[in-house]
Amino acid sequence: MPATAHIDGVFQPATDRFGDFTVGHTPHSVVTPTAPHVSHRLIGLGFIAGLVAFFGALSLLDQALFAEPALNAQEQAYFAQAYD
């Protein structure tokens with residue numbers, strides 16, 4: 001009897017019991033994420049970080065190119081009276 005059997009591209013033990021040990025068959029890793037899941041998370045986090053950096057740089061560029069003029073004392077007084 002062979003030690004392993006080839007089923008669906010995965011080598012599985014030919015028996016589920018080896019002395020005092022029982023082999024459990026699970027289709028995927030249950031405890032830890034696999035490498036593709038980790039890489040997908042990293043790609044997603046990188047995409048979000050890139051969006052935040054892009055819009056932050058866009059905001060700084062907008063402030064540098066189109067700065068709002070500061071109001072002088074007379075303009076501030078007029079604005080305060082207009083909305084009193």
Side-chain angles (χ1 to χ4, degrees):
M1 177 183 279
T4 59
H6 190 71
I7 302 170
D8 295 329
V10 178
F11 285 102
Q12 305 245 345
T15 171
D16 288 339
R17 291 202 42 87
F18 296 97
D20 293 337
F21 301 99
T22 302
V23 176
H25 301 283
T26 57
H28 300 289
S29 177
V30 177
V31 179
T32 58
T34 57
H37 291 108
V38 172
S39 67
H40 290 151
R41 265 192 214 126
L42 290 176
I43 290 171
L45 287 174
F47 178 74
I48 291 171
L51 280 177
V52 169
F54 172 75
F55 285 115
L58 191 64
S59 173
L60 291 175
L61 183 65
D62 179 54
Q63 288 176 2
L65 293 178
F66 306 103
E68 294 184 22
L71 299 177
N72 60 26
Q74 181 182 3
E75 292 169 335
Q76 288 178 4
Y78 176 73
F79 182 79
Q81 287 177 352
Y83 289 100
D84 239 355

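Nothing here was measured: the structure is a model prediction, and the numbers come from that model.
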Verify the cluster assignment for V52 and F47: are they in a single hydrophobic cluster under the rule of side-chain heavy atoms below 4.5 Å apart?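 In one cluster: no.
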
Establish whether L51 and L58 are linked, either directly or via other cluster members, by ILVMFWY side-chain heavy-atom contacts under 4.5 Å.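 Cluster IDs for L51 and L58 match.
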
My understanding is that only residues two or more places apart in sequence, or in another chain, count here; which of them pass side chain to side chain contact (heavy atoms under 4.5 Å, CB included) with [X]?
X	value
Q63	S59, L60
L45	none
D62	F66

Is Q81 reaching over with its side chain to a backbone N or O of Y78, donor-acceptor style, under 3.5 angstrom?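 A pair under 3.5 Å: no.
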
